[in-house]
Asker: 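Got a structure here, written out as structure tokens. Questions coming.
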Amino acid sequence: MGRFLVTLAAATAVVACSVATMVVRRRMKGRRKWRKVVGILKDLEEACETPLGRLRQMVDAIAVEMQAGLVSEGGSKLKMLLTFVDDLPNGCERGTYYALHLGGSYFRIIRVHLGGQRSTLEVQDIERHSIPTTLMNSTSEVLFDFLASSLQMFIEKEGNMFNLAQPVKRELAFTFSFPVKQTSLSSGVLIKWTKGFAISEMAGEDIAECLQGALNKRGLDIRVAALVNDTVGALSFGHFHDPDTIAAVVFGTGSNACYLERTDAIIKCQNPRTTSGSMVVNMEWGNFWSSRLPRTSYDIELDAESMNSNDMGFEKMIGGMYLGDIVRRVILRMSQESDIFGPISSILSTPFILRTNSVSAMHEDDTPELLEVARILKDLGVSEVPLKVRKLVVKICDVVTRRAARLAAAGIAGILKKVGRDGSGGGRRSDKQIMRRTVVAVEGGLYLNYRMFREYMDEALRDVLGEDVAQHVVVKAMEDGSSIGSALLLASSQSVQTIQSV
Ligand code: ADP
Ligand code: MG
């Protein structure tokens with residue numbers, strides 16, 4: 001009996017030992033995996049670093065590239081396109097005008113009425129719709145007929161609201177968020193599609209003519225009287241409300257900027273034919289590139305797999321279309337190299353499945369258990385991850401968005417530098433007398449809806465400019481500014497009122 005007890009005790013001890021060893025091994029394995037994902041996060045943080053010194057290099061590089069793009073055609077990755085806009089709206093415009101805005105994700109139709117004073121601007125109707133993804137890869141005919149039919153429905157809803165005996169001739173601004181080489185205020189040819197659009201055989205086509213043709217086919221008496229880049233629309237809207245507005249930036253599906261430049265600085269254009277001595281330049285800054293940009297392996301993969309690889313490098317780091325996909329790629333890498341996200345989810349492997357809206361929802365999740373993060377991960381096929389893994393995901397969102405916002409701020413500071421409003425040019429920084437108030441209009445769903453992006457951008461702009469200069473720079477958010485501003489620009493370019501509404 002005694003021997004039996006001894007044997008039993010020994011056997012129990014052996015079992016207990018091996019269980020303990022297994023637990024310790026599992027814990028060690030778990031710790032190794034955790035260390036691995038922490039390592040991936042650390043690498044990401046290092047690769048995305050944007051210390052002030054680097055931001056200042058970006059500011060200089062952008063100002064230099066702007067200059068190069070103004071000197072000669074093809075002199076820079078920044079196209080610095082002429083817009084033929086020299087006079088911006090000032091509040092005195094009158095009449096009723098329409099705008100149709102094709103963005104990267106949405107199209108909008110608006111009608112505005114202007115009564116000759118700022119305070120009498122009335123946005124009478126505004127419609128906003130998602131662009132069906134099938135349209136983005138369709139044909140020119142399909143795309144423009146879709147836009148024309150949407151406009152037709154918009155107009156039909158008006159009935160006879162203008163109460164006119166004569167048929168109404170409507171004037172439309174076409175706000176177009178893709179690179180166009182303008183030939184006049186009302187015409188221009190597509191240079192290339194960007195963001196999610198890829199309609200072949202359209203480069204070189206006159207965009208205003210395409211829309212006009214589609215409207216004519218439907219028998220609509222509407223004249224496409226202006227072709228306006230979305231940034232130029234936003235600048236027009238900003239200037240209408242505040243004449244100190246000299247630049248506009250869009251942070252939406254993609255990103256771009258425009259600003260008011262002296263015509264004598266636009267060396268590549270011999271005869272700019274402006275009366276005001278300045279012209280709005282559409283930078284097409286999404287294509288900015290510098291070897292000093294903090295690029296990661298995820299950016300390189302995203303670019304290689306994109307429809308426009310080796311193109312739009314800056315946009316792919318700051319545009320709303322891309323931030324979600326960068327975050328997705330980091331999570332996927334972590335899930336491939338450890339099992340902290342459970343079995344590899346096929347959903348997570350799908351490009352662009354994680355939208356930037358979800359990134360901001362996770363980033364700004366203020367529930368103690370990070371329930372929003374858990375919900376979004378579940379949609380990606382990743383369920384029941386512990387809190388510490390959810391915190392890791394929030395950190396990834398933070399790193400990717402902070403980099404984007406700080407680079408965006410460097411872009412704005414680059415424009416201010418180019419036009420001598422960054423305090424480094426015409427005088428001593430401390431001399432407040434010579435610093436002029438400068439307003440930058442900002443538009444786009446990313447900036448308007450993602451608080452952390454906004455806060456990081458504003459903070460970086462203050463850091464890079466310094467407090468003395470930053471206090472003279474106002475960043476003004478303006479919802480639907482691109483669309484409304486395009487209608488205002490059209491109004492200011494026309495002296496006669498086209499529609500007399502009652
Ligand atoms: P468009 O680019 O068509 O002109 P917007 O300016 O409205 O449209 O921008 C839409 C983009 O803004 C979306 O594709 C998305 O990337 C981004 N966005 C919209 N809402 C949010 C949000 N809540 N958080 C983060 N990004 C957002
Ligand atoms: Mg937009």
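All ligand and atom numbering here is 1-based and tracks the order in the structure.
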Asker: Any donor-acceptor pair under 3.5 Å linking the side chain of Thr356 with the backbone of Val359?
Answerer: no

Asker: Ignoring hydrogens and angles, tell me if any N or O in the side chain of Arg118 forms a donor-acceptor pair with the backbone of Asn90 under 3.5 Å.
Answerer: yes

Asker: In this structure, which one of Phe251, Trp289, Trp285 forms a ring-ring contact (aromatic ring centres under 6.0 Å, His included) with Phe314?
Answerer: Trp285

Asker: Whether the Asp398 and His363 side chains hold a donor-acceptor pair (N or O, under 3.5 Å, no angle test) is what I'd like checked.
Answerer: yes

Asker: CG/Leu185 to OG/Ser493 distance, rounded to the nearest 0.5 angstrom?
Answerer: 5.0 Å

Asker: Evaluate the criterion side-chain hydrogen bond (donor to acceptor under 3.5 Å, both in side chains) for residue pair Ser177 and Asp230; output intermediate values, then yes/no.
Answerer: CA-CA 5 Å; Ser177 306; Asp230 55 339; 3.1 Å; yes

Asker: Hey, which residues fall under 4.0 Å of ligand 1 on heavy atoms?
Answerer: Gly103, Gly104, Ser105, Tyr106, Arg108, Arg128, Gly252, Thr253, Gly320, Met321, Thr356, Asn357, Ser360, Gly444, Gly445, Leu446, Asn449, Tyr450

